[in-house]
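Here is the structure we will look at.
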2 protein chains.
Amino acid sequence: MEIPPVVIDRLPLYTRALSSLQTEGRDVVSSQELGTRLGVTPAQIRKDLSYFGRFGKQGRGYNVQKLLDELHRILGLDRQWRMALVGVGKLGRAILGYEGFSPQGFRIVEAFDASPDRIGQRINSLIVKDTRDLENVLSKAPVDVGIVAVPAEFAQDVIDTLVKCGVRGILNYAPIAAHVPDGVHLKRIEPVLALQSMTYYLKSSPRPTITAARG
Amino acid sequence: MEIPPVVIDRLPLYTRALSSLQTEGRDVVSSQELGTRLGVTPAQIRKDLSYFGRFGKQGRGYNVQKLLDELHRILGLDRQWRMALVGVGKLGRAILGYEGFSPQGFRIVEAFDASPDRIGQRINSLIVKDTRDLENVLSKAPVDVGIVAVPAEFAQDVIDTLVKCGVRGILNYAPIAAHVPDGVHLKRIEPVLALQSMTYYLKSSPRPTITAARG
DNA sequence: AAGGGTTTGTGCTCACAATTACAAACTTCG
DNA sequence: CGAAGTTTGTAATTGTGAGCACAAACCCTT
């Protein structure tokens with residue numbers, strides 16, 4: 001059976017809400033409550049989960065711990081994921097410094113750049129290596145995911161190289177519509193695109209004058 | 001007529017491809033070529049554009065400049081957009097330093113934080129102001145978009161405040177499912193969510209051993 | 001143990017988006 | 001100018017995902 005990608009995209013949201021509930025010490029949660037928290041209809045949650053099995057109990061709901069474990073297993077979050085960063089300019093450095101990856105099992109284990117004055121530098125306990133050595137390095141110590149943070153004009157080349165190295169997951173921060181072969185999964189992170197579609201809705205109604213700072 | 005949000009989300013992609021074509025000196029482009037570049041079917045492009053008017057010419061295609069202008073107008077990209085950043089920790093600083101916003105007409109004009117040792121600091125020619133003064137500051141100089149880069153536990157509060165200040169577009173970097181009233185547009189930027197859904201596809205087929213670095 | 005109250009899992013329906021397909025309009029070339 | 005070749009815009013079709021609604025299963029109280 002083929003599971004719709006939109007469903008897969010929602011599962012991480014569920015895991016996050018479940019983690020919160022777990023921290024709060026909750027044992028059980030209903031699709032109703034989960035839905036309210038996430039802004040999703042309860043039916044959608046139940047349907048999404050039903051693609052993978054029957055995890056709930058009628059009259060009671062879902063066991064938080066059990067469902068969390070199941071989702072981790074389903075998504076493959078029950079292991080560590082090795083990542084390589086390409087491009088350690090401003091953006092790349094920020095990504096290296098980002099503390100949100102490792103708690104979720106994602107580790108940046110290599111950093112590459114093409115600029116001579118960056119190669120050899122140490123950033124966050126990683127030595128920046130030459131992009132031209134990408135194939136060599138990754139053949140000895142493969143990674144699961146490549147993070148692309150190079151200027152737009154080099155991005156497709158870098159992606160091609162990563163693919164050639166067997167990397168099958170790519171997180172692309174460069175503002176291009178990259179092409180990858182079947183079987184390689186690419187996600188783009190582009191704040192600007194998000195803004196540019198948001199303005200469509202903002203432009204119509206004018207910026208309101210603040211009535212007062214009351215309260 | 002109500003235009004599907006997915007259509008709106010694709011328009012910025014089109015503008016970007018058209019900008020490239022313009023730089024390359026191209027006068028005219030067909031939906032065919034545009035589609036190949038973007039990985040979208042030509043029919044989809046034509047249909048998307050048809051929601052807004054008839055911009056092409058049979059037997060010829062679209063005038064690059066004209067279509068670009070139209071899309072800019074449609075999306076509201078023919079003006080400047082003022083943004084306020086809340087949270088100048090590691091992530092916030094990276095956002096402030098990001099150079100991809102201003103070329104597209106998005107300017108961060110205010111920065112806020114709640115931490116006393118950050119308030120008053122100057123970062124990139126902006127003085128960090130106290131989050132508690134948010135309402136005051138924005139009532140005098142309103143912004144169009146709020147960027148939220150505070151820890152998860154404070155994010156909803158910050159978003160509520162922004163909404164109260166009349167901000168109707170929010171870019172949320174915090175890992176929470178935020179709630180906003182109707183009429184307020186929220187987009188989340190979350191690399192981790194992207195990774196967590198990608199792993200679903202990566203986990204099945206094993207990490208291939210690199211055959212060789214041939215080529 | 002029995003009944004009232006919950007909540008799941010899922011068949012069904014509906015809505016909507018993607019694709020197909022084609023007439024109409026334009027270009028180009030002989 | 002006419003015919004062959006492009007390409008658009010859209011009507012019609014197909015495909016797909018979201019929501020509804022309900023039977024079945026479970027909990028809890030008395």
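By convention in this document, chain letters (A, B, ...) are assigned in the order of the sequence lines, proteins followed by strands, and residues within each chain are numbered from 1.
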> Can a salt bridge be assigned to the pair B:R54 and B:E70 using a cut-off of 4.0 Å between side-chain N and carboxylate O?
Replying inline: no
> Of all the nucleotides listed (C:dA18, D:dC28, C:dT28), which has the minimum atom distance to the side chain of B:R60?
Replying inline: C:dT28
> Between atom CD in A:E2 and atom C1' in D:dT16, what is the gap in whole Å?
Replying inline: 13 Å
> Looking at A:Y200, is A:K203 sitting on its ring face, NZ or CZ under 6.0 Å from the six-membered ring centre and within 45 degrees of the normal?
Replying inline: yes
> If we ignore angles and hydrogens, is there a donor and acceptor under 3.5 Å between the side chains of B:S102 and B:R107?
Replying inline: no
> Are A:K187 and B:E190 within salt-bridge range, i.e. N to O under 4.0 Å?
Replying inline: no
> Where along residues 61-74 of chain A does a heavy atom come under 4.0 Å from DNA chain D, residue by residue in number order?
Replying inline: none
>> Using the rule given for side-chain hydrogen bond (donor to acceptor under 3.5 Å, both in side chains), can you reason through B:Q44 versus B:R10, listing the C-alpha separation, both sets of side-chain angles and the distance that settles it, and then say yes or no?
In response: CA-CA 10 Å; B:Q44 172 122 238; B:R10 277 192 295 266; 2.7 Å; yes
> Given C:dT10, is OP1 or OP2 found less than 4.0 Å from the side-chain N or O atoms of A:R54?
Replying inline: yes
> Atom CG in B:L67, atom OG1 in B:T15: separation rounded to 0.5 Å?
Replying inline: 9.5 Å
> What distance do A:L71 atom CG and A:F55 atom CZ have between them, rounded to the nearest 0.5 Å?
Replying inline: 7.0 Å
> Does B:R132 pair with B:D113 as a salt bridge, N-O distance under 4.0 Å?
Replying inline: no
> Which of the following nucleotides, C:dT8, C:dA17, D:dT10, is nearest to the side chain of B:R46?
Replying inline: D:dT10
>> Could you tell me how far apart B:D48 (CG) and D:dT10 (P) are, to the nearest whole angstrom?
In response: 13 Å
> What nucleotide, of D:dG19, C:dA17, C:dT19, holds the atom closest to the side chain of A:K47?
Replying inline: D:dG19
>> Atom CZ of residue position B:R26 - does it have more than 12 heavy atoms of other residues, nucleotides or ligands inside 6.0 Å?
In response: yes
> What is the distance, rounded to the nearest whole Å, between atom NZ of B:K57 and atom P of C:dT28?
Replying inline: 11 Å
> How do A:G59 and A:P4 order along DNA chain D: which one's closest nucleotide is nearer the 5' end?
Replying inline: A:P4
> Hey, can you pull the residues of residues 7-42 of chain A with a non-hydrogen atom under 4.0 angstrom from DNA chain D?
Replying inline: A:R10, A:T41
> Between C:dA17, D:dG17, C:dT19, which nucleotide has the shortest distance from any of its atoms to the side chain of B:Q44?
Replying inline: C:dT19
> Can you tell me how far C1' of D:dC28 sits from CD of A:Q58, to the nearest Å?
Replying inline: 16 Å
> How long is the line joining CD1 of B:I3 and P of C:dA17, in whole Å?
Replying inline: 11 Å
